[in-house]
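Notes follow the structure.
Naming: A, B, ... by sequence-line order, numbering from 1 per chain.
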Amino acid sequence: MLYQVPFWIIQTICGVQTVPVAAQSAIANQRWDLMLQNQSGSQEVRKKNIDFGNSVLYAWSLFKEFAGEKMLEKNFDPKSFGKNFSFAAEASHRNEKAEPFMVLLPPPNVTGSLHVGHALCYTLQDIIVRYKRLKGCNVLFQPGLDHAGIVTQLLVEKQLYEKNGEKSSLGREELLREIWLWKENSGGKILEQMKVLGISCDFSRLRFTMDDGSKKAVSRLFVKLYNDGLLYRGERMVNWDPLIQSAISDLEVVEKEVNAKIWYLKYKLENSEEFITVATTRPETLFGDVAVAVNSRDDRYVDLIGKNVLVPLINKPVPIIADDYADPEKGTGAVKITPAHDFNDFEVGKKHGLPLVNIMNERAELEGEVPEQFRNLDRFKAREAVIDQLEIKGLLEKVETIMHKVPFGDRSGVMLEPRITCQWFIDAAKLAIPAVKAVKENRITFIPKHWENLFFEWMKNIKPWCISRQIWWGHRIPAWYGPNGQIFVAETAEEALQKASAFYGKDDVELVQDNDVLDTWYSSAMWPFITLGWPDVEAEFSKFYSRMTVVTGFDIIFFWIARMIMMGIYAAGDVPFHNVYIHALVRDEKGQKMSKSKGNVIDPLQLCDAYGADAVRYTLASMASPGRDIKMGARTVEIGRNFLTKLWNAVRFAQMNDCACCSKNFDVNTVKNPFSQWIVHNIKNMVIDVENSIENHRFDEVTRHIYQCVWNSFCDWYMEFIKPILQSGSEISDANSSAALRKKEIRDVTGWAIAQFVQILYMIAPFMAKKLSEEIGIADITWPNVGAITLDCSDSVEKIDRIQSVISSVRSLRQFLGIFSAEKLDAKIETANNAFRELCDEYKDILQRMAGISAVRDLDAQSIPVVVADVVVHIGFAGKIDVPTEKKRLSNEMKKLIKNRDDAINRLNNKDFLQKADPDIVQEHQERVNNLNDKINKIDYIIRNLANYYADSIAETVA
RNA sequence: GGGCGCAUAGCUCAGCGGUAGAGCACUACGUUGACAUCGUAGUGGUCGUAGGUUCGAUCCCUGCUGCGCCCACCA
């Protein structure tokens, strides 16, 4: 069946008859074909089989099309335009004269891909950055990649293994070439993913922590530290990772609780048949035993101190020593001392001048002073073998099962070994002193503040930082060794050679560079320097250094933040940044940590695909409350999606009514209409609130203020208020009539409001904001200049708020009484308050439209009194009221009011309250009591006279 | 063992010395007028527990309970 779009609809919307489309009667649920007829009368089918609502919209958009305008699509699809925008221009454009500002982006691992934690971190940074740009600052937001030494080397080695089916036998140079190749081909995928999320860093300034500039910065600082005696090489016990075969720092150790066994071993006393029993979880290390320690106050063993025991299986005599380290409460009270394989034993050994007996190689296989049968066995195989032998020899007293915490490497996942090796260390304790001072003096502030406790705690107990790693992928340590082992630390090989030549007094010195590379976090600690081109680019460094903000997770406060502060103060004499915003951890909807093994990982890119990047950004920001982790399920993003759809549709409405953008010479300070003033006031407050919230890093508040203004104020009320004005078309012929001027102002204000929303949303939902700004023609997106709004809106605000409460009260009453919106009601306004009566008269169109009141006029009877603010509105009911229901409603309302009033009265009767409370508070209470009493009296009067009001109704009920 | 955080509506969370809030969910009603990814109205809370400070405590202090996290130790 072929129908044509009813013309009256277009006429209503446009107010003018331009497109000659014939009208037919509208039938709900009917399918329609939309036909157009041009001036010459020929017809054209433009849309087939559409529903009626769509036919109207299509007709309207076609009309616009004729007029040369493009309309927003009806069905908002946030992802349709997301990928079409690049923010490169904004990101790289900088106003060098403006106030410098920088967000220091934590460089993601070159192997990394975007997870939801990144998404949160980068989104918050991007919001700050875009805000500062809109405010006109000279903003630098620089991306980078971290070479991630151990992770990357392990990854490439694994890939080579999978390709070749055997462990790579490549030498250093070959492997490094492979890794660089991998980096060029497959590394840094995350950068593209950041673009999907709309992160507006200046990708033209991408830095890599192993590029030449980084190398220079890293070496420069290394030399400085060495020359200042803050960096040294030495033999120490370190945490050794037998898989990576490298030392790792204390921070890279994760303790895991495991089911373990504890063995009770019998050590025979020398020249005696007696035994002393020692408990251990590491029996395989007994070959390295050099003593057994007991507590000098332990009566069981005090007589044995000074005697020797024989280490089982090798019968090596070792002394029984007295040391407080032996705790009578633990184990048997006697403990074996193995200084080369345990941190505590190392200390005890040092104290007592005991020898170090190393019995393990770098792969944690037994070697050295070990019987032949155990030699070259892996530590766990050796353990079994040792236990077997002890059992055979009757030296195993018993075995117990315990829960026991064991150190594992965070990257390799294997159990670590304490191992004595030669490593490079930074004297972190010295560097920590000014860093702690800076935070104590609030030159650096953590947000939320309580994270400073964590920082202080770690700094207080800071240990020397082992920075050398026995791997190949990383910054090679800039130290060279001469023939006699003399160390030459220099930025380059040439410099080292010069120093060596001078030292040895000859030119041709054979130097060997240190084989180790630096801890990845060493270069990370230098990130503020690397990004700004230190030490070469003085201008940028002096401009942005110490004007940074850092946004990051709490888990890298030690790894990164603390070290940047230490290095920054040391190398530059000043803190690199003043603010450290610590964001939340993103968990799954049950509050569990996301992990691949649990399978509860949410992929932010999938979310972007399903809901659009803007919705993801908005949602993450809205949940970024301080001090609480974010619980996020797949559907959580609907919050953002729905909000953005709402705004999108509001803009469509504005566009359809020719108010998508305000006139050029429009001055918001000249608006006169109360609706205009009301929304101007609301938007001004919103912008101020948003500014405050963002300065306080309260991203949740930022989104809430925007949401409330856009949705609750603008869409729910303002748009409904102005519809009658926009849709009134008849007066348009006289452009100077008051109605026409009013309509023009409303259009301008609406367009202005939309522009403010679009501009402010540019920081949170940049894709949509950009799309909308193009559609409605906002030339320059800047921060709304609400400081220029000097208009006094207070009268209008009071008026409109009043009208709002009338509408809400009437609507509420209707629902309660079951009088639904299709039915119009008569109403009268009680005359006692003339001002209010006039107000209702003035807004009778709105009351009619939004509260379903057909007329505001005096009614003599059959009206329901509704208490609104301090007046009573009478609504005609025409016999539809159930008196008991209405009585109940009023009684309930009165109960609440009485309770409130009595609470206030009780306070006012309290002498102490009157004396001690703030006079404003007392005044407020007094006013509240008066207001409530007024209302209560009115309701009471109504209840008592219900029968009079409803005489007819009661009669009907009785009949 | 030392430290930190959290506890508010069925759920997720704001708030905060002076009348307890939002979103989701739920209930009722509503689609030809920007939007059902929607609208209108509503149900729902002794603000974990016991004390203290205060004229007044959900809010500040202390104890307790529960949950989460960090550091250290563990023969």
Side-chain angles (χ1 to χ4, degrees), chain A residues 6 9 12-13 26-28 51-53 55-57 72 74-76 255 262-265 278-282 293 325-327 330-336 342 344-345 402-405 448 450-451 453-454 457-458 461 554-555 557-558 585 587 589 591 593 611 615 622-623 625 627-633 635-636 638-639 641-657 700-701 704 707-708 712 715-716 719-720 723 727 808 811-816 818 820-822 850 896 899-900 903-904 907 910-918 921-922 924-925 928 932:
Chain A
I9 288 176
T12 310
I13 301 169
I27 303 166
D51 68 31
F52 188 81
S55 74
V56 175
L57 286 157
L72 294 177
K74 173 175 161 61
N75 295 314
F76 171 58
E255 303 273 345
I262 180 163
W263 288 270
Y264 288 78
L265 314 184
V278 164
T280 181
T281 53
R282 304 287 319 265
Y325 168 64
D327 183 345
K330 285 179 182 164
T332 60
V335 57
K336 74 192 200 65
D342 183 280
N344 290 312
D345 293 7
I402 54 163
M403 284 306 283
H404 181 55
K405 273 192 182 163
H450 68 82
W451 289 111
N453 295 333
L454 189 68
E457 188 197 336
W458 189 64
N461 303 313
F554 74 91
D555 49 334
I557 290 178
F558 304 148
L585 196 68
R587 299 168 174 278
E589 64 247 279
K593 221 169 174 173
Y611 297 99
S622 73
M623 300 199 298
S625 304
R628 200 187 275 268
D629 287 345
I630 294 175
K631 286 182 199 161
M632 186 151 162
R635 285 190 60 216
T636 314
E638 286 180 9
I639 299 170
R641 192 264 321 258
N642 292 356
F643 171 70
L644 295 174
T645 308
K646 187 75 178 175
L647 180 69
W648 176 270
N649 284 314
V651 178
R652 270 178 87 239
F653 168 83
Q655 205 178 32
M656 287 176 170
N657 289 288
D700 58 331
E701 284 182 357
R704 204 172 61 238
Y707 182 100
Q708 282 173 354
N712 303 127
C715 293
D716 289 351
M719 282 172 69
E720 296 304 322
K723 273 175 183 171
Q727 288 165 8
S808 293
R811 281 171 171 172
S812 178
L813 178 74
R814 297 181 77 115
Q815 297 279 338
F816 185 83
F820 298 113
S821 53
M850 295 177 71
K896 278 185 210 161
K899 190 193 172 292
N900 284 345
D903 284 353
R907 289 225 180 98
N910 185 331
K911 253 187 272 167
D912 286 329
F913 175 72
L914 294 175
Q915 261 171 24
K916 294 177 185 171
D918 190 325
I921 296 290
V922 177
E924 198 185 302
H925 275 71
R928 193 189 305 160
L932 289 168

Measure [atom1]/[X] against [atom2]/[N] and give the value in whole Å, please.
X	N	atom1	atom2	value
A/Asp918	B/G17	CG	C1'	12 Å
A/Lys593	B/C69	NZ	C1'	8 Å
A/Leu454	B/C69	CG	C1'	10 Å
A/Arg811	B/A41	CZ	P	5 Å
A/Phe558	B/C4	CZ	P	14 Å
A/Asn453	B/C70	CG	C1'	11 Å
A/Lys916	B/G18	NZ	P	18 Å
A/Ile557	B/C69	CD1	C1'	12 Å

Hey, does [X] reach any base, or is it just sugar-phosphate, or nothing, if we go heavy atoms under 4.0 Å?
X	result
A/Met719	base
A/Ala654	nothing
A/Ile262	sugar-phosphate
A/Arg704	sugar-phosphate
A/Asp903	nothing
A/Lys723	base
A/Lys631	sugar-phosphate

I need the minimum non-hydrogen distance between [X] and [Y], along with the two atoms involved.
X	Y	result
A/Leu644	A/Ala615	CD1-N, 3.5 Å
A/Lys631	A/Glu589	CD-O, 4.1 Å
A/Leu454	A/Phe558	O-CE2, 3.6 Å
A/Ala326	A/Ala293	CB-O, 3.6 Å
A/Asp700	A/Ser622	CB-O, 3.4 Å
A/Lys336	A/Val278	N-CG1, 3.5 Å

First encountered from the 5' end of RNA chain B, between A/Tyr707 and A/Asp716: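 This one resolves to A/Tyr707.
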Pairwise 5' ranking along RNA chain B for A/Gln708 and A/Asn910, keeping only the more 5' one: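 Here A/Gln708 is the residue nearer the 5' end.
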Identify whether the distance between the nearest side-chain nitrogen and carboxylate oxygen of A/Lys899 and A/Asp903 falls below 4.0 Å.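 Yes, charged N to carboxylate O under 4.0 Å.
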Could you run down the sub-3.5 Å N/O contacts of the protein with nucleotides 6-10 of chain B?
residue : atom : partner  : partner atom : Å
B/C6    : O3'  : A/Arg628 : NH2          : 3.3
B/A7    : OP1  : A/Arg628 : NH2          : 2.9

Does [N] have OP1 or OP2 under 4.0 Å away from a side-chain N or O of [X]?
X	N	answer
A/Ser625	B/A14	yes
A/Ser622	B/G23	no
A/His450	B/G3	no

Roughly how far apart, to the nearest Å, are [N] and [M] at atom [atom1]?
N	M	atom1	value
B/G18	B/U58	C1'	13 Å
B/C73	B/G15	P	37 Å
B/A20	B/G44	P	15 Å
B/G17	B/G3	P	27 Å
B/C55	B/C47	C1'	22 Å
B/C29	B/A34	P	25 Å
B/U31	B/G39	C1'	10 Å
B/A50	B/A57	P	14 Å

To the side chain of [X], which of [options] is closest?
X	options	result
A/Thr645	B/U19, B/U37, B/A34	B/U37
A/Arg652	B/C35, B/U19, B/A75	B/C35
A/Lys330	B/A34, B/C38, B/C73	B/C73
A/Arg587	B/G56, B/C69, B/A41	B/C69
A/Gln815	B/A75, B/U40, B/C13	B/U40
A/Glu457	B/C69, B/C71, B/A25	B/C71
A/His925	B/A72, B/G5, B/G18	B/G18
A/Asn642	B/U37, B/A14, B/C70	B/U37

Is the charged tip of A/Lys646 near the ring of A/Tyr707: under 6.0 Å from the six-membered ring centre and within 45° of its axis?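 Geometry flag: not set, cation outside 6.0 Å or 45°.
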Do the side chains of [Y] and [X] get nearer than 4.5 Å, heavy atoms only?
X	Y	value
A/Lys593	A/Leu585	yes
A/Trp458	A/Ile557	no
A/Ile402	A/Thr281	yes

Donor-acceptor pair (no angle test) under 3.5 Å: A/Glu638 side chain, B/U37 base: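 No such pair is found, so the answer is no.
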Given the structure, check if the side chain of A/Arg641 and the base of B/U37 hold any donor-acceptor pair shorter than 3.5 Å.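 Per atom types, the contact qualifies.
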A/Arg811 side chain vs A/Met850 backbone, donor-acceptor pair below 3.5 Å: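 At least one qualifying donor-acceptor pair exists.
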Does A/Arg704 have any salt bridge (charged side-chain N to carboxylate O under 4.0 Å, His left out) partners at least two apart in sequence or in another chain, and if so, which?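 Partners of A/Arg704 by the salt bridge (charged side-chain N to carboxylate O under 4.0 Å, His left out) criterion come out as none, since no residue qualifies.
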For RNA chain B, what dot-bracket results from Watson-Crick or G-U pairs at under 3.5 Å, with [ ] for crossers and | for inter-strand partners? (((((((..((((....[..)))).(((((.......))))).....(((((..]....))))))))))))....
